[in-house]
S.K.: 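First, the structure itself, so that you have it in front of you.
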Amino acid sequence: MLINFRFKNCRSFLKENVLSMEATSDSELREINTFTVNENLMPKGENELLKSAVIFGSNASGKSNVLKILTYMRNVISSSGAQFPVVQANEPFAFLEDAANEESLFEVEIIQNNTFYRYGFTILHGAINSEWLDRRTERLTPVFKRMGKSIEITGLNKQATSLINISPTTLFLSVANNFQLDIAPYINDVLNWFRNLLIVFSNNANSLDIYTVNNGKYREEALKILSLADIGISNIKVVKDKVANMNDINDVLRFNTQMQVDPTLIGQLKQEAADLYNIDLQTQFDVYDENHNVKGHRDIMLFKNRGFNSEGTERLLLYMGWILAALDNGYVLLIDEIDAKLHFLVTDYIIELFNSIDSNPNNAQLICTAHNIMLMDEDLRRDQIYFTSKNQYGESILTALSDYKNVRKSDLFSKKYLAGFYTKLPDMKHDN
């Protein structure tokens, strides 16, 4: 569960901004769109979290950057221990002369394994400047704290910690398990939260393999949703073909040649051990006679026959498995431009899956960006609606609708948004 995500001086954001999943005192849709957590983890009256949040904003206002910054934080955690140059790839705010000399902040407050954690780090000049982890089951206590090369670990004396040498481009969290410390369970809780963080961008679709796990559980559930969407697909099947052995140079050359001759043959590539597989999705449509009786089926490959299925259908098929997996396991799911290529009713249905007691019993959370402002008026609380705007100096700002004064429950949020009540919009009018 995500409680808060704080970030500063990264990509288009200069000042500290917070994406908060903490519910306000608003009673609207409380039974459906929020859930409560253990009072030992968060104070009573402040222990209510949101099931979803939708970020709206004009083009280049920074809404996708919110998701990209959290993605970057996850990548630093997963890759810095392997000495990939991910820390050095940090992007401070570009349009202030001295921003590169100020630290970039990344911090999350989460609940994992019935424990509250606050974990974060700062980056300055391509190196880790500070890093910290606190936990709470009843009271907040530090797990470790790092400043530059110096690190303090709860339960470990200074002499022992002095033997721990961490590269300035490596997070302690990423390599802590190498030292067999007593704090390992807490380290693993945070690592597992980030491993289970599902992130979907349109240009890096997740593997179709998700439809093959749990005896095809997500495949069956996806078919039910496809039936509701009236897309016409009666069945789907993952087709997985070995295309090359990466240890066989001739195999690799043959595959590269084949790919250059006909790129449409390639679906999603996935490497397992030394073998490279091509993964495609077979979609099945019913074929009828003149009396509208089903007489057979026609199989269409999602990638190989690209263009037969609409771009919206393709997008829905690529992401639906991960949506269902998030709901099933109580994961946090990030989707950029959730409404791209999808009908409004389909997008609204996906958000409703999360804002539900029946379909979301494990309190999964959806955080997404969107352009379709009609979604604002569809059973979203004011604290679930966020706006990004950019000022004249190129600086993005993230603001929740609940932070604005004089916003009534009865307001048509989309109409007021277009009128510029909540954030400045581009002026696309011109004089004749």
S.K.: Which atom names give the shortest non-hydrogen contact between Tyr211 and Leu316, and what distance separates them?
M.R.: OH-O, 4.3 Å
S.K.: Looking at Lys240, I want to see if its NZ is surrounded by more than 12 non-hydrogen atoms of other residues, nucleotides or ligands under 6.0 Å.
M.R.: yes
S.K.: Quick check for you: to the nearest 0.5 Å, what is the distance between Leu398 atom CG and Ser389 atom OG?
M.R.: 9.0 Å
S.K.: Using the side-chain contact (heavy atoms from CB on, under 4.5 Å) rule, take Phe116 and Ile3 through it: C-alpha gap first, then chi angles, then the decisive distance, then the call.
M.R.: CA-CA 9 Å; Phe116 171 99; Ile3 303 170; 3.5 Å; yes
S.K.: Looking at CD1 of Ile357 and CG of Asn33, how far apart are the two atoms once the value is rounded to the nearest 0.5 Å?
M.R.: 9.5 Å
S.K.: How about Asp289: does its CG atom have over 12 heavy atoms from other parts shown lying under 6.0 Å from it?
M.R.: yes
S.K.: Between the main-chain N or O of Ala364 and the side-chain N or O of Asn362, is there a donor-acceptor pair closer than 3.5 Å?
M.R.: no
S.K.: Would you give the length of the straight line joining atom OG of Ser64 to atom CG of Asp336, rounded to the nearest 0.5 angstrom?
M.R.: 3.5 Å
S.K.: Quick one: are Leu334 and Val200 in side-chain contact, heavy atoms under 4.5 Å?
M.R.: no
S.K.: Could you go step by step and tell me if Leu67 and Ile199 meet the side-chain contact (heavy atoms from CB on, under 4.5 Å) rule?
M.R.: CA-CA 8 Å; Leu67 275 58; Ile199 303 174; 5.7 Å; no
S.K.: Looking only at heavy atoms, what is the nearest atom pair of Lys63 and Ala370, with distance?
M.R.: CE-O, 4.0 Å
S.K.: Sequence neighbours excluded, which residues qualify as salt bridge (Lys or Arg N to Asp or Glu O under 4.0 Å) partners of Asp251?
M.R.: Arg254
S.K.: Going by the rule side-chain hydrogen bond (donor to acceptor under 3.5 Å, both in side chains), which residues pair with Ser167 if we only count those two or more places apart in sequence or in a different chain?
M.R.: Thr169
S.K.: Pick from Phe387, Tyr417, Phe56, Tyr386: which one makes a ring-ring contact (aromatic ring centres under 6.0 Å, His included) with Tyr422?
M.R.: Phe387
S.K.: I'd like to know whether Ile236 forms a side-chain contact (heavy atoms from CB on, under 4.5 Å) with Leu317, so could you lay out the CA-CA distance, the side-chain angles of the two residues, the decisive distance to 0.1 Å, and finally the verdict.
M.R.: CA-CA 9 Å; Ile236 58 176; Leu317 288 167; 4.2 Å; yes
S.K.: Regarding Asp348 and His343, do their side chains bring together a donor and an acceptor under 3.5 Å, going by distance alone?
M.R.: no
S.K.: Does Glu221 use its side chain to pair, donor to acceptor, with the backbone of Leu324 at less than 3.5 Å?
M.R.: no
S.K.: With salt bridge (Lys or Arg N to Asp or Glu O under 4.0 Å) as the rule and sequence neighbours excluded, what pairs involving residues 66-95 come up?
M.R.: Arg11-Glu91
S.K.: Nearest heavy-atom pair of Ala53 and Met21: which atoms, and what distance?
M.R.: CB-SD, 3.8 Å
S.K.: Less than 6.0 angstrom from the centroid, inside 45 degrees of the normal: does Arg146 satisfy that with respect to the ring of Phe172?
M.R.: no
S.K.: Are Val76 and Phe121 packed together at the side-chain level, in the sense that at least one heavy-atom pair is separated by less than 4.5 angstrom?
M.R.: yes
S.K.: Mark yes or no for whether Asn329, through its side chain, and Ala325, through its backbone, hold a donor-acceptor pair below 3.5 Å.
M.R.: yes
S.K.: Heavy-atom distance under 4.5 Å between the side chains of Ile128 and Thr170, does that happen here?
M.R.: no
S.K.: Return the minimal non-hydrogen interatomic distance between Pro92 and Ala99, and the atom names on each side.
M.R.: CB-O, 4.0 Å
S.K.: Verify, without hydrogens or angle tests, whether Asn17 (side chain) and Lys15 (backbone) share a donor-acceptor contact under 3.5 angstrom.
M.R.: yes
S.K.: Would you say Gln271 has more than 12 foreign heavy atoms packed within less than 6.0 Å of its CD?
M.R.: yes
S.K.: Looking at Ile187, is its backbone amide N or carbonyl O close enough to the side chain of Tyr117 to form a donor-acceptor pair, meaning the two atoms are under 3.5 Å apart?
M.R.: no
S.K.: Ignoring hydrogens, what is the shortest heavy-atom contact between Val346 and Ala229? Give both atom names and the distance.
M.R.: CG2-CB, 4.4 Å
S.K.: A side-chain contact here means heavy atoms from C-beta on lying under 4.5 Å apart; do Leu380 and Met376 qualify?
M.R.: no
S.K.: Considering only heavy atoms from C-beta outward, does the side chain of Asn355 approach that of Gln384 to under 4.5 Å?
M.R.: yes
S.K.: How close do His297 and Val294 get, heavy atom to heavy atom, and via which atoms?
M.R.: CE1-CG1, 4.5 Å
S.K.: Taking atom types as modelled, is there a side-chain donor on Glu103 or Asn9 under 3.5 Å from an acceptor on the other?
M.R.: no
S.K.: Under a 3.5 Å threshold, yes or no: a donor from one side chain and an acceptor from the other, between Asn177 and Asn188?
M.R.: yes
S.K.: Is it the case that more than 12 heavy atoms not belonging to Phe84 sit under 6.0 Å from its CZ atom?
M.R.: no
S.K.: Between Lys217 and Asp328, does at least one N-O distance fall below 4.0 Å, as a salt bridge requires?
M.R.: yes
S.K.: One thing to verify: whether Glu314 and Arg306 come together as a salt bridge, which I'm taking to mean a side-chain N less than 4.0 angstrom from a carboxylate O.
M.R.: yes
S.K.: Are Tyr72 and Phe7 close enough that their ring centers fall under 6.0 Å?
M.R.: no
S.K.: Between the side chain of Ser396 and the main-chain N/O of Ser61, is any donor-acceptor distance below 3.5 Å?
M.R.: yes
S.K.: For atom CD of Glu272, decide whether the heavy atoms of other residues, nucleotides or ligands shown that lie under 6.0 angstrom number more than 12.
M.R.: yes
S.K.: Near Phe13 CZ, under 6.0 Å, is it more than 12 heavy atoms from other residues, nucleotides or ligands?
M.R.: yes
S.K.: Do the side chain of Thr257 and the main chain of Leu253 share a donor and acceptor less than 3.5 angstrom apart?
M.R.: yes
S.K.: Is there a donor-acceptor contact under 3.5 Å from the side chain of Glu337 to the main chain of His371?
M.R.: no
S.K.: Do Glu131 and Tyr119 have a side chain donor and acceptor closer than 3.5 Å?
M.R.: yes
S.K.: Is any side-chain heavy atom of Lys237 closer than 4.5 Å to one of Asn235?
M.R.: no
S.K.: How far apart are the C-alpha atoms of Ile225 and Leu353, what are their side-chain angles, what is the distance that settles it, and do they pass the side-chain contact (heavy atoms from CB on, under 4.5 Å) test?
M.R.: CA-CA 11 Å; Ile225 294 174; Leu353 286 174; 4.2 Å; yes
S.K.: Is there side-chain contact between Asn90 and Phe106, with heavy atoms separated by less than 4.5 Å?
M.R.: yes
S.K.: When rounded to the nearest 0.5 angstrom, what is the spacing between CZ in Phe194 and CG in Asn196?
M.R.: 11.5 Å
S.K.: Can you tell me how far the NZ atom of Lys295 sits from the NE2 atom of His292, to the nearest 0.5 Å?
M.R.: 13.5 Å
S.K.: How many angstroms lie between CD in Glu107 and CG in Leu133, if you round to the nearest 0.5 Å?
M.R.: 10.5 Å
S.K.: Counting C-beta onward and ignoring hydrogens, is there a side-chain heavy-atom pair between Tyr331 and Leu197 closer than 4.5 Å?
M.R.: no
S.K.: Side chains of Gln112 and Asn192: is there a donor and an acceptor less than 3.5 Å apart?
M.R.: no
S.K.: Does Glu311, at its CD atom, have more than 12 non-hydrogen atoms belonging to other residues, nucleotides or ligands within less than 6.0 Å?
M.R.: no
S.K.: For the CG atom on Asn215, are there more than 12 heavy atoms of other groups (residues, nucleotides or ligands in this structure) within a distance under 6.0 Å?
M.R.: no
S.K.: Only one of Val54, Ile335, Asn372, Ile338 passes side chain to side chain contact (heavy atoms under 4.5 Å, CB included) with Thr347; say which it is.
M.R.: Ile338
